[in-house]
Every structure is written in structure tokens, then in C-alpha cells.
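A short write-up of the structure that comes next.
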Amino acid sequence: MTLITEEAKKGKKFDVKKYYNLPEKVIYCSKCVVSNQRPRITFDKDNVCSACRFAEYKNTKIDWDERERELKDLCDRHRRKDGYWDVVVPSSGGKDSNYVAHILKYKYNMNPLTATWSPMLYTDVGRRNHTNMIDSGLDNILGTPDGKTHRLLTKLSLEIMGDVFQPFIYGQKGFPMAVSINYKIPLVMYGENGEVEYGGDAKNSDKPTHNITDDMTKHYFSGIHPDDFSQYGIEKNKLNYYYPPKKDRADEIGLENHFFSYYKKWIPQENYYYSVENCNFEPEPDGRSEGTYSKYAGLDDKVDGYHFYFAYLKFGHGRATSDAAHEVRDGHITREEAIALVKKYDGEFPKKHFKEFLDYVDMTEDEFLKVCDRFRPDHLWELKGNNWSLKKTVY
Ligand SMILES: [Zn+2]
């Protein structure tokens with residue numbers, strides 16, 4: 001038996017519904033394909049989700065010329081004349097961060113330092129894209145935590161909260177800020193504000209910045225602090241990379257976290273074209289990612305598929321739902337097309353890297369499947385014969 005936590009060993013059900021505060025009754029958005037089971041999303045009286053309402057707002061109400069003037073002002077305020085870096089861009093070598101870093105450098109005359117938090121298991125295409133990004137004229141710093149700790153945290157996160165991405169998210173959020181503090185580069189430019197683009201807490205939709213506050217653990221880290229892992233024998237001195245940055249150190253250099261999606265209309269498909277054109281970005285060589293129809297997002301980590309698969313188990317919507325919903329909002333596909341794509345691809349099991357993934361988290365296939373079943377909430381799933389199926393779907 002290689003499972004670690006008592007709950008996992010016993011196969012004890014995780015109370016997904018209570019933990020994420022999910023409504024009992026499943027409702028689908030009448031404009032896109034997400035349901036009210038996405039954590040923190042809200043629905044109005046017409047059954048339209050907050051992400052769709054935000055998309056309408058962004059397409060009709062925001063004066064994007066004015067926003068670009070704000071961006072220029074921000075750049076003018078931070079641009080340096082001595083050749084030192086003046087902005088940190090969190091970057092995976094993916095299409096979105098390529099776009100942000102490249103356009104800041106070549107259109108707005110900034111001197112970005114891109115900061116990459118390493119994937120857990122780099123894919124070949126991910127490594128090539130990381131190199132392609134650097135070769136397009138961008139400086140980079142790569143943060144790689146020790147592999148032993150990282151894989152243990154990954155395994156524990158899977159057992160404790162059904163998300164292999166937890167240790168990745170600590171670094172994805174925190175590492176660029178640590179670079180900013182250590183290199184004394186006060187401006188950090190993130191890509192999209194996920195909370196508003198994908199339907200979370202809409203209260204920050206009109207703010208260009210996010211601050212380092214106590215909200216960090218609650219909002220970005222699902223309420224779990226890195227120290228919470230120390231009860232499983234991970235020593236504190238192994239967690240340095242994972243701690244959120246300290247507010248007083250951020251204040252010392254005047255750290256400002258901005259979202260590029262506040263200043264420029266965020267259209268993933270456009271970012272993709274821009275990255276192909278300017279950064280030699282390569283899409284998924286197999287034509288599409290498992291669990292969805294898209295070929296240009298989240299390509300760099302072999303663990304990605306399991307993050308999305310667990311979202312499917314916990315909330316009943318997987319990777320195709322997220323992709324299709326965003327494309328409906330951007331006007332690239334209709335709701336009917338989105339529904340067909342969800343039906344075809346959502347919840348497809350990520351088998352391409354399965355063996356490697358099991359090695360990485362040191363589980364047998366049976367143990368892994370046992371962990372999966374712990375995270376299917378009763379209000380979403382039913383067992384028919386030997387097969388689990390969703391009680392309600394968008395199709
Ligand atoms: Zn919607």
C-alpha cells in the first residue's frame with residue numbers, strides 16, 4: 001500500500017459539495033456550457049453565469065483605447081533607462097505568456113524578465129516552446145523545486161484535495177513575485193484575471209491589480225497553506241519555494257501585480273496566433289489535448305490531464321467545457337457547437353502519460369482509481385452497473 005493519508009487508505013469519501021460550497025441543484029448557463037458547480041461562479045435570474053456577463057461587459061462597455069492609455073502610463077512609470085529589467089512576466093512558454101512578454105518588449109519598449117515555474121513532468125513540446133520563447137528574444141529565469149518534495153506534495157494534494165496542481169499553483173502564483181522581490185523589479189504582469197474570465201468572484205473585474213493579502217491562501221490556494229503539508233513529514237525547510245511572498249518584503253520594493261487582461265481584451269485564440277507568428281510557438285503535436293478539442297493550451301506538463309480530469313470528477317465539467325465556454329463567449333463557436341464538443345470530449349480519460357504519471361505519484365492503477373472514486377460527489381454522479389455517469393449534463 002503506497003497511499004499516505006488515512007482517508008485515502010480507507011477510501012473515505014471527500015465531501016466535495018461542502019468543501020467547495022456547491023449548490024445541490026445543477027443549473028447550466030443559458031449562454032455558454034458551464035454549470036453552477038464551478039466554484040465561486042454566480043448565476044443571475046436569467047440563468048446566465050458571471051463569466052458570460054463579464055464577457056458581454058468586456059465586449060460592449062469597456063473602452064479599450066482608454067485601457068491601452070492606462071497601460072502606456074503604467075509602462076512609462078516603470079520603464080528603466082539603465083538597461084535593467086523593468087517588468088517580470090510569469091511565463092510557461094505557453095501562448096498567453098509569450099504574447100504578454102513579447103508585446104511588452106517589442107510594442108511597449110519594456111525590458112521583461114520572464115519567470116517560469118517548472119512543470120512537474122515537462123512534455124517534449126513544452127520544453128521546445130520554453131526554448132522557443134527564450135529564443136524569440138526574452139530573458140528567462142526557471143524555478144525548479146526539488147523533485148522528491150515536489151512529487152510527494154503532488155501525491156498528497158491528490159489524496160487530500162483531489163488536485164495534482166496544488167504544488168504547481170503555489171509556484172505559478174508565488175515564484176514570479178519572489179523573482180520580483182529578489183531582483184527588485186516592482187512590476188509583475190500576469191496574463192488573464194482567471195477569476196473574472198472564467199467565472200469566479202466578479203468583485204475584482206474592474207481592477208487592474210491584485211494585492212498580496214490573506215486572500216492568497218483562500219483564493220488561489222483553495223484554503224490550503226504549504227505548512228498544512230508539514231503534518232505528513234515534509235520539513236519546513238523544504239517548503240521555501242511554495243510559501244506565498246511576505247507582504248512586508250513586497251511592500252519594501254513596492255511590488256505591483258497587474259493583469260494584462262485588464263489592459264488588453266483577452267482572446268486566447270488571438271494569443272495563439274500571435275505566439276506562432278512571433279515566438280515560434282508549437283501547438284499540441286497530436287492535434288488536440290486529451291479531454292478536449294483544443295490544441296494550444298496547457299501543453300507543457302504531463303500532469304495537466306489529471307488536473308482537468310479531477311475537475312471533471314468533482315464538478316462535472318472538464319477541460320472541453322472550459323475551452324468551449326470561453327470560445328462561445330469570444331464568439332468563435334455557437335452554444336450548440338459547444339454542447340456537441342462537450343459531449344464528445346469532456347471527461348475523456350488522459351491515458352497518454354498514465355504510466356508515467358502513476359510512477360510519478362507512486363500509485364498503482366487500482367489505488368489511483370480508488371482515489372478517483374472518493375472525489376465524485378453523490379449529487380452529481382450515479383453508478384449504473386459498473387459505470388459512473390453524470391446525473392445531469394449540458395447535452
Ligand atoms: Zn455562461
Side-chain angles (χ1 to χ4, degrees), residues 16-17 20-62 64 96 191-207 219-220 222 259-262 264-272 289 291-294 296-298 307-348 377 379-381 390-395:
V16 173
K17 186 162 167 276
Y20 293 100
N21 198 16
L22 306 180
E24 169 74 30
K25 189 168 179 261
V26 180
I27 297 172
Y28 283 92
C29 173
S30 57
K31 284 191 179 285
C32 70
V33 288
V34 302
S35 77
N36 59 352
Q37 302 295 305
R38 190 189 155 90
R40 299 193 301 278
I41 204 165
T42 55
F43 277 55
D44 66 15
K45 59 178 179 4
D46 300 319
N47 280 348
V48 176
C49 77
S50 45
C52 281
R53 287 300 182 213
F54 177 72
E56 284 172 14
Y57 174 69
K58 134 178 144 173
N59 288 326
T60 57
K61 296 279 192 310
I62 294 175
W64 290 105
D96 296 331
E192 83 271 49
N193 183 348
E195 277 294 288
V196 297
E197 293 284 337
Y198 306 111
D201 195 335
K203 74 169 194 272
N204 295 325
S205 62
D206 256 337
K207 272 172 57 185
H219 261 161
Y220 300 112
S222 304
F259 289 116
F260 203 69
S261 65
Y262 170 87
K264 288 267 192 185
K265 199 157 143 183
W266 191 256
I267 308 171
Q269 203 174 359
E270 300 292 321
N271 299 353
Y272 166 62
S289 300
T292 187
Y293 59 94
S294 86
Y296 53 58
H307 164 71
F308 289 107
Y309 187 68
F310 267 81
Y312 180 68
L313 298 180
K314 292 195 284 189
F315 313 122
H317 58 78
R319 196 167 185 175
T321 297
S322 302
D323 289 341
H326 209 285
E327 289 207 308
V328 171
R329 291 175 205 132
D330 289 341
H332 298 314
I333 56 175
T334 64
R335 184 168 191 266
E336 283 62 41
E337 288 167 326
I339 290 173
L341 290 165
V342 169
K343 188 172 180 188
K344 188 162 182 194
Y345 296 113
D346 223 30
E348 177 188 27
H379 75 299
L380 298 182
W381 292 93
L390 283 169
K391 288 180 181 171
K392 193 173 176 187
T393 62
V394 71
Y395 46 87

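Numbering of ligands and ligand atoms starts at 1, following listing order.
- Residues that satisfy the salt bridge (charged side-chain N to carboxylate O under 4.0 Å, His left out) test with Glu327, not counting sequence neighbours, are absent from this structure.
- Heavy-atom contacts from other residues, nucleotides or ligands closer than 6.0 Å to NZ of Lys344 number 12 or fewer.
- Protein N/O/S atoms nearer than 2.8 Å to the Zn ion (ligand 1) total 4.
- Under the 30°/60° scheme for interplanar angles, the aromatic rings of Tyr20 and Phe315 are found to stand perpendicular.
- The side-chain hydrogen bond (donor to acceptor under 3.5 Å, both in side chains) test with Gln37 is passed by exactly one of His379, Lys314, Lys17: His379.
- In this structure a side-chain-to-backbone donor-acceptor pair under 3.5 Å is missing from Asp330 to Ile267.
- Remark: side-chain polar atoms of Glu337 are paired, donor with acceptor, to backbone N or O of Thr334 under 3.5 angstrom.
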